[in-house]
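Inspection log for the structure reproduced underneath, given as structure tokens.
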Amino acid sequence: MVGVRRAGRVVGAVVAAALCGGAVAGCGAGEGPGAGSGSGAAGAAVRTSPVAGRLADLPARVDGAKIVVGDPGAPRTAQVLVDPRCGYCAKFEGAGGEVLLELAAEGKVKVEYLLASFLDGGGDGAGASGSVRAVNALRASVEAGKFAEYQAAVFASQPKGRFTDGHLLAIAAAVPGLRGEAFDRAVAEQTYKGWVGEAEEAFEATGARGTPMVRVDGRPVGAKDGAMFDAAAFAKALQDVGIGGAG
């Protein structure tokens with residue numbers, strides 16, 4: 001099941017926002033699987049992931065246009081394609097995404113994230129959705145060693161409107177050890193905006209028609225019958241391709 005068809009940079013922000021709006025309404029954005037809540041920018045909720053404790057020490061590194069989470073020597077690799085403002089992506093991250101990250105914490109898989117920002121329609125991140133700003137902040141969190149924990153919190157805290165710097169910083173404040181001069185400056189100045197563009201290009205180059213998508217050995221996993229949005233069903237789908245299970 002695909003939440004949002006890929007708008008690409010050539011589609012206007014208004015069209016992209018309309019597509020996202022339908023997805024967000026369908027999966028209850030802003031009501032993610034948070035363990036804690038508070039007030040973010042403009043009253044937007046801030047929530048952390050129920051598995052945040054497992055993610056605190058999960059390593060992440062930048063590999064070209066990808067962010068790779070987990071042990072580099074893990075026996076299998078799963079590729080995850082998401083846009084921070086896609087409502088179905090938030091639904092996936094609260095179910096199948098947590099399964100993947102827990103398996104990564106166990107050393108059974110490493111996860112390659114391709115972070116798309118097509119919902120901004122190629123804008124500066126201040127328009128339709130703020131996806132560019134969110135991906136920039138996610139990239140900045142790698143430098144602080146907090147990507148896995150922060151990305152889970154970003155999706156759990158997906159706003160009803162667009163991401164703003166204030167909201168992204170409020171979410172970061174809920175991740176111990178993330179806020180600081182370097183991170184805050186990177187968010188405010190969009191330090192990694194060039195990388196965000198590279199990540200979007202890499203996403204488009206996959207030929208994917210929408211987000212979220214999980215690929216193992218180049219093939220989608222968990223899309224059939226909505227398995228991506230159910231933790232148990234997605235764990236079974238991963239086991240069927242040799243990821244997870246006993247041992």
Side-chain angles (χ1 to χ4, degrees), residues 29-63 66-72 74 80 82-85 89-113 115 125 130-159 162-192 195-196 199 231:
E31 299 176 359
S37 61
S39 293
V46 172
R47 297 182 172 90
T48 56
S49 167
V51 298
R54 300 288 306 277
L55 309 181
D57 298 320
L58 194 55
R61 69 187 191 281
V62 176
D63 180 5
K66 302 173 294 187
I67 295 176
V68 184
V69 174
D71 183 350
V80 175
V82 286
D83 185 307
R85 278 298 296 130
C89 292
K91 187 176 181 180
F92 160 71
E93 288 293 343
E98 290 181 358
V99 171
L100 266 179
L101 287 172
E102 289 196 271
L103 289 171
E106 294 170 6
K108 295 180 178 180
V109 66
K110 59 181 177 290
V111 187
E112 293 182 349
Y113 286 92
L115 301 175
S131 288
V132 168
R133 291 187 180 277
V135 175
N136 173 76
L138 287 164
R139 170 62 181 83
S141 72
V142 178
E143 305 306 314
K146 296 294 180 179
F147 173 79
E149 194 174 358
Y150 185 55
Q151 74 89 28
V154 165
F155 279 102
S157 305
Q158 191 182 78
R162 63 182 177 88
F163 276 110
T164 64
D165 289 350
H167 190 203
L168 291 164
L169 291 172
I171 298 169
V175 177
L178 179 53
R179 287 291 300 272
E181 182 180 352
F183 178 82
D184 290 7
R185 185 189 316 114
V187 171
E189 298 178 359
Q190 294 193 58
T191 301
Y192 298 103
W195 184 89
V196 174

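One-based numbering along the sequence shown. These numbers come from a predicted model, not from an experiment.
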Donor-acceptor pair, [X] side chain versus [Y] backbone, under 3.5 Å?
X	Y	value
His167	Gln158	no
Asn136	Ala186	yes
Arg179	Asp184	no

Give me the atom names and distance for the closest heavy-atom approach of [X] to [Y].
X	Y	result
Trp195	Val62	NE1-CG1, 3.7 Å
Arg85	Ser131	CB-OG, 3.4 Å
Ala153	Val175	CB-CG2, 4.4 Å
Ala60	Val69	CB-CG2, 4.0 Å
Phe163	Ile171	CE2-CD1, 4.2 Å
Lys110	Val68	CD-CG1, 4.1 Å

Exercise for the section: Please round to the nearest 0.5 Å and tell me the distance separating atom CZ of Arg54 and atom CG of Leu101. Expected result: 10.0 Å
Practice task
Calculate, to the nearest 0.5 Å, the distance between atoms OH and CG belonging to Tyr192 and Leu115 respectively.
Solution key: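 Output value for this atom pair is 14.0 Å.
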Exercise for the section: Could you go through the side chain to side chain contact (heavy atoms under 4.5 Å, CB included) check for Val80 and Glu93 one step at a time? Expected result: CA-CA 10 Å; Val80 175; Glu93 288 293 343; 4.1 Å; yes
Practice task
Evaluate side chain to side chain contact (heavy atoms under 4.5 Å, CB included) for Arg133 paired with Thr164, printing each intermediate quantity in order.
Solution key: CA-CA 7 Å; Arg133 291 187 180 277; Thr164 64; over 6 Å; no
Practice task
Output, in order, the C-alpha distance, side-chain angles, deciding distance and verdict of side chain to side chain contact (heavy atoms under 4.5 Å, CB included) for Leu169 and Phe183.
Solution key: CA-CA 9 Å; Leu169 291 172; Phe183 178 82; 3.9 Å; yes
Practice task
Determine, step by step, whether Glu106 and Leu103 satisfy the side chain to side chain contact (heavy atoms under 4.5 Å, CB included) criterion, reporting the C-alpha distance in whole Å, the side-chain angles of both residues, the deciding distance to 0.1 Å, and the verdict.
Solution key: CA-CA 5 Å; Glu106 294 170 6; Leu103 289 171; 3.8 Å; yes
Handout entry: Residue pair Gln151 / Val82, side-chain heavy-atom distance below 4.5 Å
Key =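 No, side chains not in contact.
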Handout entry: Identified side-chain contact (heavy atoms from CB on, under 4.5 Å) partner of Tyr150 from the options Leu168, Thr48, Leu55
Key = Leu168
